[in-house]
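These notes concern the structure reproduced below.
Chain identifiers are assigned alphabetically (A, B, ...) following the order of the sequence lines, protein sequences preceding nucleic acid strands; residue numbering begins at 1 within each chain. On a predicted model such as this, the values are computed, not experimentally measured, just so you know.
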Amino acid sequence: MPSLDVIEVLDWFDANARDLAWRKPGTTGWGVLVSEIMLQQTPVARVEPIWLAWMARWPLPSSLAAVSQGEVVRAWGKLGYPRRALRLHAAAGVIAAEHNDVVPADIDTLLALPGIGAYTARAVAAFAYGQRCPVVDTNVRRVVARAAHGAGDAGPPSTTRDLADVEALLPADPATAARASAALMELGAVVCTARAPRCGDCPVVSSCAWQRAGRPAYDGPAKAVQRFAGTDRQVRGLLLDVLRGSTDPAPKTRLDLVWSDACQRDRCLHSLVVDGLVEQTEDGRFALPGEHRQGVTK
DNA sequence: CAGGCGTGGGC
DNA sequence: TGCCCAAGCCT
């Protein structure tokens, strides 16, 4: 009873891989890193046009590092979680200054950069540099949970255990292992999906433990529900959207229009300033950071 | 370590 | 603006 034959998944991937922009030959480590940061919690379709624009405008870490934080946040557009843009900008500065403008290949060095965690560090090491290391995202966790463990979905993440779990599945050859990781992710993204898996299209359906078990429903602890409407996240998004939309600093009266609850509004504006996503100008207006002289943080 | 952090598409 | 989901990271 084979648990999960990644070679089968690899063969399927060779024939069915999506033609994503960052998978083109010649994509640099920088290109891979930018794509991975943008793809965190964000669908491929929304990322692709932004990634292409960024690569054309900022082909090197140093080119991104050279512009203001505000420009970067503005170019991030509506990808969401704009703190990612700030962290990527900071990482680019470190890469330019300390790593000769080349994205590091060493996992621990990558982990030391802002915004790069267990997944992204290994994704860069594997996809940009062909290293043999487990690359575990939500797709891989789901595929392994089903095909190997026979569960309806993955349980709560545990980085240490998840990494060991997937490491054991990887082929010995580094380049093949790296492609196998991409293949597992792709399978989870387009076939072994969370909601309605297309098992009829799955290359490992015949050996899938979840199939064998009769496709039982997920029986683990309930996953935390992420509310959005009415949260600070929504209000922060509305505030930032105003500032992205104008090159001139906005008076607070303009920002007051986006949300009726003044208390929540002010709390969110303040938190944006604390996060470095917003600056207050000398005359008391608000703007994206670094685009106007001496922002006053208060 | 559970919860905070954007945004939009699918149903 | 109901609910779930999408290549996570940070504190």
Side-chain angles (χ1 to χ4, degrees), chain A residues 13 17-18 20-23 31-51 73 76-88 90-91 110-128 134-144 152-160 162-163 166 178 181-190 192-197 218 221-244 258-259 264 267-268 271-272 274-278:
Chain A
F13 184 63
R18 289 169 295 175
L20 304 176
W22 43 87
R23 287 180 177 167
V32 171
L33 174 59
V34 172
S35 77
E36 292 300 340
I37 299 290
M38 288 182 171
L39 286 163
Q40 291 169 3
Q41 302 285 282
T42 308
V44 164
R46 223 178 304 165
V47 165
E48 205 152 18
I50 306 292
W51 182 85
V73 171
W76 192 256
K78 309 198 80 169
L79 281 183
Y81 294 139
R83 293 186 298 183
R84 288 183 294 169
L86 245 32
R87 291 175 181 145
L88 182 52
L110 287 161
L111 285 171
L113 297 171
I116 298 186
Y119 163 76
T120 303
R122 289 171 178 79
V124 170
F127 303 150
V135 182
V136 186
D137 73 335
T138 185
N139 290 307
V140 173
R141 282 168 25 77
R142 184 174 56 250
V143 168
V144 172
D153 200 353
S158 160
T159 302
T160 306
D162 294 341
L163 289 176
V166 173
S181 289
L184 287 173
M185 288 176 60
E186 186 87 346
L187 186 67
V190 307
C192 193
T193 55
R195 189 96 53 121
Y218 172 70
K223 312 201 169 188
V225 272
Q226 279 270 22
R227 303 286 170 205
F228 178 68
T231 62
D232 285 6
R233 246 170 41 247
Q234 180 183 19
V235 179
R236 285 164 56 105
L238 292 171
L239 291 168
L240 213 53
D241 197 39
V242 171
L243 302 183
R244 273 196 306 261
V258 307
W259 198 252
Q264 184 176 21
R267 178 176 71 242
C268 288
S271 75
L272 285 169
V274 169
D275 286 350
L277 285 163
V278 170

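The C1' atoms of C:dT1 and C:dC5 are separated by 15 Å, rounded to the nearest whole Å. Rounded to a whole angstrom, the distance from the P atom of C:dA6 to that of B:dC1 is 24 Å. Comparing the same atom, P, in C:dC9 and in B:dG8 gives a spacing of 23 Å after rounding to whole Å. B:dC11 and C:dA7 are spaced 16 Å apart, taking the P atom of each and rounding to whole Å.
Once you apply a 4.0 Å limit to the heavy atoms of chain A, the touched nucleotides of DNA chain C run 5' to 3' over C:dT1 to C:dC10.
Rounded to whole Å, atom P of B:dC1 lies 14 Å from atom CG of A:Asp162. Rounding to whole angstrom units, CZ of residue A:Arg84 and C1' of B:dT7 are separated by 10 Å.
No contact: A:Arg267 has no heavy atom under 4.0 Å from any strand. Heavy atoms of A:Ala194 sit under 4.0 angstrom from primed sugar atoms or phosphate atoms, though from no base atom. Looking at heavy-atom distances under 4.0 Å, A:Leu86 makes no contact with the nucleic acid at all. Residue A:Trp22 is classed as a base contact, given a heavy-atom separation below 4.0 Å to a base. Within 4.0 Å (heavy atoms only), A:Pro157 reaches no atom of the nucleic acid at all.
The stretch residues 39-47 of chain A touches DNA chain B through A:Gln41, A:Thr42, A:Arg46, each having a heavy atom under 4.0 angstrom from the strand.
The shortest side-chain heavy-atom distance between A:Met38 and A:Trp22 does not fall under the 4.5 Å cut-off. Residues A:Val136 and A:Thr159 have side chains not in contact (no heavy-atom distance under 4.5 Å, counting atoms from C-beta outward). Proximity of A:Gln264 to A:Trp259: side-chain heavy atoms (C-beta onward) are separated by under 4.5 Å at one or more points.
Residues A:Tyr119 and A:Glu36 bring a donor and an acceptor atom of their side chains to less than 3.5 Å of each other. No side-chain donor from either of A:Ser181 and A:Arg122 sits under 3.5 Å from a side-chain acceptor of the other.
Contact annotation: A:Arg83 does not reach the phosphate of B:dC5 (side-chain N/O to OP1 or OP2, under 4.0 Å).
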